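Below: one structure, written as structure tokens.
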Amino acid sequence: VELVESGGGLVQAGGSLRLSCAASGLTFGNRGMGWFRQAPGKEREFVAGINRSNGLTNYADSVKGRFTISRDNVKNTVYLQMNSLKPEDTAVYYCAANQFMVTKGGGVNYWGKGTLVTISS
């Protein structure tokens, strides 16, 4: 199984980025997908998740209304659209997969290697 993130970079506060995660080696449509992030000196934290069947989503309170997770089961890709970015969103963002739906509770089966997002003030 391989999860490959892309789309990270440096952007000014208030800007937008879209992260992508291309999955291979698994039956994508049968997996919950999601994103976590880890800021320097902090623990990894949940950002967003989308379930494997009906597109139900869940978000961390800190990103609700600003971030949107979506998936394309034809392209085997999950996306994270990030708007109104803040300096505190600076982190390495990791793609995650599990059996049903990625949530704050964890239970992740597979991790990507991460992509760095840096927000300047």
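The figures that follow rest on heavy atoms only: side chains count, while hydrogens, waters and symmetry mates do not. All values derive from a computational prediction rather than experimental measurement.
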Checklist line | Side-chain heavy atoms of L3 within contact of M33, under 4.5 Å | finding: yes
All heavy atoms of S70 vs all of V78, minimum pair found to be O-CG2, 3.1 Å
Are any of the side-chain heavy atoms of M82 and W35 separated by less than 4.5 Å?
no
| message | Test your reading of the model: is there a side-chain donor-acceptor pair from T90 to the backbone of I119, 3.5 Å cut-off? | response | yes
So CG of L10 and CG of L17: to nearest 0.5 Å the spacing works out to 9.0 Å
The reported gap from OH in Y93 to SG in C21 (rounded to nearest 0.5 angstrom) is 15.0 Å
Sorted by chain and residue number, the side chain to side chain contact (heavy atoms under 4.5 Å, CB included) partners of T68 (sequence neighbours excluded) come out as Y59, Q81
Rounded to the nearest 0.5 Å, the OG1 atom of T57 sits from the NZ atom of K64 at a distance of 9.5 Å
| message | Counting C-beta onward and ignoring hydrogens, is there a side-chain heavy-atom pair between R18 and Y79 closer than 4.5 Å? | response | yes
Requested in this report: Group every Ile, Leu, Val, Met, Phe, Trp and Tyr by side-chain heavy-atom contacts under 4.5 Å, then state whether W111 and M101 land in the same group.
Outcome: no
Residue pair Y94, Q38: steps toward the side-chain contact (heavy atoms from CB on, under 4.5 Å) verdict:
CA-CA 8 Å; Y94 296 91; Q38 188 167 18; 4.1 Å; yes
Determine whether L26 and F36 fall in the same hydrophobic cluster, where Ile, Leu, Val, Met, Phe, Trp and Tyr are linked whenever their side-chain heavy atoms lie under 4.5 Å apart.
no
- Stepwise side-chain contact (heavy atoms from CB on, under 4.5 Å) check, F67 with L85: CA-CA 9 Å; F67 291 10; L85 285 161; 3.8 Å; yes
Value for CZ (F28) from CG (D72), rounded to nearest 0.5 Å, stands at 7.5 Å
**Report entry** L19 with Y110, same ILVMFWY side-chain cluster at under 4.5 Å
**Finding:** yes
If two hydrophobic side chains count as joined below 4.5 Å and joins carry through other members, does V92 share a cluster with F46?
yes
**Asked** Does any N or O in the side chain of R71 come within less than 3.5 Å of the main-chain N or O of N51, such that one atom is a donor and the other an acceptor?
**Response** yes
If only atom types and distance count, is the side chain of N73 paired as donor or acceptor with the main-chain N or O of G29 below 3.5 Å? no
Residues at least two apart in sequence or cross-chain that pass side chain to side chain donor-acceptor pair (under 3.5 Å) with R66, listed by chain then number, are D89
Query raised in the report: Is a donor on one side and an acceptor on the other found under 3.5 Å between the side chain of E5 and the backbone of T115?
Result: no
Worksheet item: Is R37 salt-bridged to E45, going by a charged N under 4.0 Å from an acidic O?
Response: yes
OG of S121 to CD of Q12, rounded to nearest 0.5 Å, is 9.0 Å
On a heavy-atom basis, the closest approach of V102 and A48 is CG1-O, 4.4 Å
Rounding to 0.5 Å, atoms OG (S53) and CZ (R31) come to a distance of 14.0 Å
